[in-house]
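Notes for the one structure printed next.
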Amino acid sequence: MKIRTIALLAVALAAVRVDAQEALPAAAPPAAPAGAPGSIGPAQWSYAIGLDMGKSFGATKIAIDLESLVAGFRDGLAGKDPQYPAEVCSQALQQLGKEQMKAMQEKDKAYLVTNGKAQGVQTTPSGLQYKVLKKGDGPTPTKADTVTVHYRGKLVNGQVFDESYGGEPASFGVGQVIPGWTEALQLMKVGDKFEVVIPADLGYGARGAGDVIPPNSTLIFEVELLGVKGK
């Protein structure tokens, strides 16, 4: 299945960190630079970068030391020697990556538990979850069939990583895709539209998929079965 590359923002962090949930002094948004009303300049894009970083770490609850973050940013801009040896900075970033991965996995597991209790959601013995959004009355494909579908795939955080809507439907063999898709398609009839939630072990597992699907990700798909070749 084709995966479209989505650029992700990487944030360097080299410091002793404190809990992000601590009360922090509120910072007023920067004033607009002189010029035409609504003009965009360093104040706006600098604030936007900070806002994006804050949302990212706020969502994962990963500990951040704001003073160290700002100090590192200033030293980097000024080309100063780092306050920590290069190997310490490297180890810090590796540890941050592990913390981010752990937070994401915990969020994905929590989503599966919550979604499994939602109205209309059915869970199969494998752990696959699905909800019928629209019922069809056509044939049901087998693992040996080729199907045509429209779909949209996203992560638990809502980020869409791939879709066919807005373009041509996708066609492929039922047995040639990830296990969660293979199972879900054999539960559908032509004309059906499902929301399918695929646990990591039925998706891309520990390897992930490129830069857009992290390892051990739960995947959420909207799938519409349009046809089965020869049926």
ask   = For the hydrophobic clusters of this structure (ILVMFWY residues joined by side-chain heavy atoms under 4.5 Å, transitively), does one cluster hold both Leu133 and Ile198?
value = no
ask   = Is it the case that one hydrophobic cluster holds both Phe194 and Ile178, taking links as side-chain heavy atoms less than 4.5 Å apart, direct or via other members?
value = yes
Smallest separation among heavy atoms of Pro215 and Ala206, with atom names = CB-O, 3.0 Å
ask   = How are the rings of Phe172 and Trp181 set to each other: parallel, tilted or perpendicular (split at 30° and 60°)?
value = perpendicular
query = Do Phe57 and Met104 share a hydrophobic cluster, counting only Ile, Leu, Val, Met, Phe, Trp and Tyr and linking them when any side-chain heavy atoms are less than 4.5 Å apart?
reply = no
message = Main chain of Gly180, side chain of Glu183: is a donor-acceptor contact present, judged purely on distance under 3.5 Å?
response = no
note = So CD of Glu99 and CD1 of Ile62: to nearest 0.5 Å the spacing works out to 6.5 Å
query = Remaining members of Tyr111's ILVMFWY cluster at a side-chain heavy-atom cut-off under 4.5 Å?
reply = Leu112, Val156, Val197, Ile220
task = Determine whether Val149 and Leu185 make a side-chain contact, defined as any pair of heavy atoms from C-beta on separated by less than 4.5 Å.
result = yes
request  = Would you give the length of the straight line joining atom CG of Leu155 to atom CG of Leu219, rounded to the nearest 0.5 angstrom?
outcome  = 6.5 Å
message = Tell me whether Val196 shares a hydrophobic cluster with Val121, the cluster being built from Ile, Leu, Val, Met, Phe, Trp, Tyr side chains joined at under 4.5 Å.
response = no
request  = Report the distance from atom CG of Leu69 to atom CE of Met53, rounding to the nearest 0.5 Å.
outcome  = 4.5 Å
remark   = dist Gln100:CD -> Gln105:CD (nearest 0.5 Å) comes out at 12.0 Å
Check: residues 137-147 side-chain donor-acceptor pairs under 3.5 Å, at least two apart:
residue: Thr140; atom: OG1; partner: Met188; partner atom: O; Å: 3.1
residue: Thr142; atom: OG1; partner: Ala144; partner atom: N; Å: 3.3
residue: Thr142; atom: OG1; partner: Asp145; partner atom: OD2; Å: 3.2
residue: Asp145; atom: OD2; partner: Thr142; partner atom: N; Å: 2.8
residue: Asp145; atom: OD2; partner: Lys231; partner atom: NZ; Å: 2.7

task = Identify whether Val190 and Val174 are in the same connected component of the hydrophobic contact network (ILVMFWY, side-chain heavy atoms under 4.5 Å).
result = yes
remark   = All heavy atoms of Thr182 vs all of Gln186, minimum pair found to be O-NE2, 3.0 Å
ask   = Are any of the side-chain heavy atoms of Ser217 and Asp108 separated by less than 4.5 Å?
value = yes
request  = Verify the neighbour count for atom CD of Glu168: are there more than 12 heavy atoms of other residues, nucleotides or ligands below 6.0 Å?
outcome  = no
query = What residues, two or more places apart in sequence or in another chain, satisfy ring-ring contact (aromatic ring centres under 6.0 Å, His included) together with Phe73?
reply = none
ask   = Would a 4.5 Å heavy-atom cut-off, applied to side chains only, mark Leu128 and Pro179 as touching?
value = no
key: Reported NE2-to-CG distance for the pair His150 and Leu225, which is rounded to 0.5 angstrom   = 12.0 Å
Salt bridge Glu222-Arg152, side-chain N to carboxylate O under 4.0 Å = yes
task = Heavy atoms only: give me the nearest Ala170-Ser164 pair and the separation to one decimal.
result = N-CB, 4.4 Å
Beyond-backbone contact of Tyr151 with Asp162, side-chain heavy atoms, under 4.5 angstrom = yes
query = Taking side chain as C-beta onward, heavy atoms only, is Tyr130 less than 4.5 Å from Val223?
reply = no
task = Can you measure from CG (Asn216) to NZ (Lys109) and round to the nearest 0.5 angstrom?
result = 8.0 Å
